[in-house]
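Proteins get letters first, then strands, A, B, ... in listed order; numbering begins at 1 in each.
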Protein chains: 2
Amino acid sequence: MQTPETRTLLSKARIVRAAVALADRTGLESLTMRRLADELGVAPMSLYHHVPNKEELVDEMIETVFEEIEPPSLDGDWRTALRRRAHSTRAALNRHRWAVGHMEGRAKQGPASVRLHDAVLGCLRNAGFSIELTVQAYSVQDAYIYGFALQEKGLPFETAEESATVAEDQGWQIEELAAQFPYLAEVVAGHVAKVGYDFGEAFEYGLDLVLDGLAQRRDEA
Amino acid sequence: MQTPETRTLLSKARIVRAAVALADRTGLESLTMRRLADELGVAPMSLYHHVPNKEELVDEMIETVFEEIEPPSLDGDWRTALRRRAHSTRAALNRHRWAVGHMEGRAKQGPASVRLHDAVLGCLRNAGFSIELTVQAYSVQDAYIYGFALQEKGLPFETAEESATVAEDQGWQIEELAAQFPYLAEVVAGHVAKVGYDFGEAFEYGLDLVLDGLAQRRDEA
DNA sequence: ACCTGAACACCGTTCAAGT
DNA sequence: ACCTGAACACCGTTCAAGT
């Protein structure tokens, strides 16, 4: 005698996984306890047996994003280690755009988040950065990485070709704007519309600028 | 014969101003059409005669934040101009923490936002940056500024002294953490707890790093 | 132990009605 | 023209009840 409809049992892990998938598809605004329950074929209130409330659910979701970020290795070349970690972070944030302004400063930081923090600090310390410089280096890098992700989340195109198309589509505005905002018009018409805007290239450029600056400051000290 | 209770009439400007003040006090999550109406001593539905919906209200609120940011002057030293603009942005975002992740990439950018964009681009062009480099310089700066604001919004202290206190209060955790996360423990116990963490200093340091890097790249080209 | 239905105190927004 | 009350389709969450 089998229980009828022996669907996978509810569990915290299963709820969080479904929540992440739902947020990936529809955004965090649209993530609702009720919709999530629907997705899982369960009554809304069943969720509360595994998760205390929505806020802690989101905390758990954020943790899974941190779990997808590869911590830098503590030996080997620090620049390539930190560059890889930066790319890994950008990739995770692009897969989970809803997470973008929520990674830092949550009250409850989970183990994956703490482990990543520790590894980045360790990578810098082992590369010969002083404690003071390590703290600064951490701050600059993360400000840049998370700030870049914020820009990327905002803009409506993903590839360089798309961006050129978007720019062209709005071409009728350009002449109108040129009178009032000449520099903006120049950049849009004379550059973005021509070659498009490649986020990957831009990220790399700024990342190198930051890492170069840090290397310099370490060697000066 | 006076109309009784001739309180200031409702208007878009007055609604937006009240909304900003309410969000400053209680956060964007707590900003509700109904609470806002209450604040203004008016029925919730009255707001809809001046503002089409909540999303556009938030757009208007963001615009007022942009209005508080001083655009860089187009002549004079570009570094001091851009540094002032960066500080002006940080200050505005600290006054209106709810705005932090919402400044970029809104569908509808208002005139103050566009004017600021144009001025920053103009400042860079006039300083001899190529179009390509100008676009990059814009991206790196804004990623850093907005990313830093994100960090600042997250952390629970405002001054260096406060941060040292917070670090000390959690001192009992330190030894426990030290085994698993030695680098994190070292930084918290050996640096932050001692001298505290000064956001203003950290912002300046990273900002200089970014501006130095940009200057170098311009001169190499 | 695990799930649920009904209920409560909220949301944003529409619509027909008031002055 | 400007404001509003009642109503609708939603929220998160509690609580007492079901298996």
Counterpart base for C:dC11, defined by Watson-Crick or G-U wobble contacts under 3.5 Å: none
Measure CE/B:Met33 against P/C:dC10 and give the value in whole Å, please. 18 Å
Residue met sooner reading DNA chain C from 5', once A:Ser46 and B:Ser30 are mapped to nucleotides: A:Ser46
Assign each of B:Pro44 and A:Glu55 the nucleotide of DNA chain D bearing its closest heavy atom; nearer the 5' end lies the nucleotide of B:Pro44
Would you classify A:Met45 as touching base, sugar-phosphate or nothing, given that sugar-phosphate means primed atoms plus P, OP1 and OP2, and contacts are heavy atoms under 4.0 Å? base
Rounded to whole Å, the CG-P distance (A:Leu10 to C:dA1) equals 17 Å
When the distance from CG of A:Leu36 to C1' of D:dC10 is rounded to whole Å, what number comes out? 16 Å
Just N and O in the side chain of A:Arg34: are any of them under 4.0 Å from OP1 or OP2 of D:dT13? no
Ignoring hydrogens and geometry beyond distance, is a side-chain donor-acceptor pair present between A:Glu68 and A:His96 at under 3.5 Å? yes
Below 4.0 Å: OP1/OP2 of D:dC2 and any side-chain N or O of B:His50: no
Heavy-atom check, side chain of A:Leu40 versus side chain of A:Leu47, under 4.5 Å: yes
Rounded distance in Å - OH (B:Tyr48) to C1' (D:dC3): 15 Å
Mind calculating the distance between CG (B:Leu28) and P (C:dG12) to the nearest angstrom? 11 Å
Please check the phosphate of C:dC11 (OP1 and OP2 only) for any side-chain N or O of B:Arg35 closer than 4.0 Å. yes
Once you apply the 3.5 Å cut-off to both distances, tell me the Watson-Crick or G-U wobble partner of D:dT4, or none. C:dA16
Whole Å only: how far is the CG atom of B:Leu47 from the C1' atom of D:dC2? 13 Å
Compare side-chain N and O positions of A:His49 against OP1 and OP2 of C:dT4 and report whether any pair is under 4.0 Å apart. no
Between A:Thr32 and D:dG12, does any side-chain N or O lie under 4.0 Å from OP1 or OP2? yes
Without decimals, in angstroms, what is the distance between B:Ile15 CD1 and D:dC2 P? 12 Å
Using atom CG of A:Asp38 as one end and atom C1' of D:dG12 as the other, report the distance to the nearest whole Å. 15 Å
Check the side chains of A:Glu70 and A:His87 for a donor-acceptor pair under 3.5 angstrom, ignoring hydrogens and angles. no
Test: B:Glu158 and B:Arg97 ion pair at under 4.0 Å: yes
So, B:Thr165 side chain and B:Glu161 main chain: donor-acceptor pair closer than 3.5 Å or not? yes
